[in-house]
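Below: one structure, written as structure tokens.
Residue numbers start at 1 and run along the sequence shown.
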Amino acid sequence: MTRLLADHADPVSRAMTAATLAETAATRQAVRPFRSPARAGRKDGPGPPAGTLSREDPTVDEIRFDDIERLKGKIGVTFGPWSESVEITQDMINRFAELTGDHQWIHVDVERAKRESPFGGTIAHGFLTLSLLPRLHGSASWKLSGYGNATNYGANKLRFVSPVRTGAKIHARSRLLGVEAKPKGTQITQEINVHVVGEDRPALIYEMGVLYHPPMTRG
């Protein structure tokens, strides 16, 4: 799944909460989607999908979504490389607040936040940071193939560990935690850590499950 998955692999409740879903949808409207040449023409699942890589790289190890044993070989304790960074702007935060209705002053009142916030200024909504995961793509050495579509299966853990201040740049990395055959496809579980660039402590820890379904056609 790109740099988010790399060799070790796009981390609350069994399914994403209604708030997460609403805010993810909101962010897609609030923030212009990022598209790099490497992403053109590839299959994207929910969030940063497992094994999503540039199809033009001949060195990429292609693994079928239902090849459970080969996929398990990618499980590891080491995180993959960092994704490219995304800057969190006040305009991005304001538009997210408008679309979700979350106008808490620590996010949108710049002057008050300078005076009263323990963070010294405004910070991003936690769910805004989570919703930006689809933009945090990079490259890796393996990819999934052969699946028809991918759906977000839910989260085993979601923690907002430290604030993301306005103007900060964030990046992410991940590792593959588990692979499991399901009646409807293959479930990939990964841990994604989002950090402010230059900080050791993560801003967000997300353990996400994505279900990859076989191709389906209807007559």
Inter- and intrachain pairs under salt bridge (charged side-chain N to carboxylate O under 4.0 Å, His left out), touching residues 193-205, at least two apart: none
Shared hydrophobic cluster, V196 / V194 (ILVMFWY, side-chain heavy atoms < 4.5 Å): yes
Interatomic distance, L211 atom CG to T189 atom OG1 [nearest 0.5 angstrom]: 10.0 Å
Ionic contact status for E111 with K114, cut-off 4.0 Å: yes
Close side-chain approach of L128 and H107, heavy atoms under 4.5 Å: no
Rounded distance (nearest 0.5 Å) linking atom CD1 of I170 with atom CG of L133: 8.0 Å
Close side-chain approach of L204 to F160, heavy-atom, < 4.5 Å: yes
Which atom of F96 lies closest to which atom of S131, heavy atoms considered: CE1-OG, 4.4 Å
Value rounded to 0.5 Å, distance of CG in L132 from NE2 in H171: 14.0 Å
Contact check, side chains of F127 and L158, non-hydrogen atoms, under 4.5 Å: yes
Atom pair CE (M216) and NZ (K184), whose distance is rounded to the nearest 0.5 Å: 10.0 Å
Minimum heavy-atom distance K169-S85, with the two atoms named: CD-OG, 3.9 Å
Partner set under side-chain hydrogen bond (donor to acceptor under 3.5 Å, both in side chains) for T122, not counting sequence neighbours: Q90, T166
same_hphob_cluster(I88, L130) at 4.5 Å side-chain heavy-atom cutoff: yes
E180 side, atom CD; K72 side, atom NZ - distance, nearest 0.5 Å: 8.0 Å
L136-V197 co-clustered via ILVMFWY side chain contacts under 4.5 Å: no
Salt bridge K143-E62, side-chain N to carboxylate O under 4.0 Å: yes
Mutual orientation of the aromatic rings belonging to H195 and W82 [parallel < 30°, tilted 30-60°, perpendicular > 60°]: perpendicular
All pairs passing salt bridge (charged side-chain N to carboxylate O under 4.0 Å, His left out) where residues 116-133 contributes a residue, at least two apart: R112-E116
Side-chain heavy-atom pair F65, H213 within 4.5 angstrom cut-off: no
Pairwise side-chain contact, I75 with L177, heavy-atom cut-off 4.5 Å (strictly under): no
Heavy-atom closest contact (G185 atom, P214 atom, distance): CA-CD, 4.2 Å
Single-linkage hydrophobic cluster, 4.5 Å side-chain cutoff, I68 and I188 together: yes
Rounded distance (nearest 0.5 Å) linking atom OH of Y147 with atom CZ of R64: 12.0 Å
Nearest atoms (heavy-atom pairs only) where A203 meets V164: CB-CG2, 3.6 Å
Pairwise side-chain contact, L144 with L71, heavy-atom cut-off 4.5 Å (strictly under): yes
Side-chain (R165) to main-chain (F119) donor-acceptor, under 3.5 angstrom: yes
Considering all heavy atoms, the nearest A124-T129 contact: CB-OG1, 4.0 Å
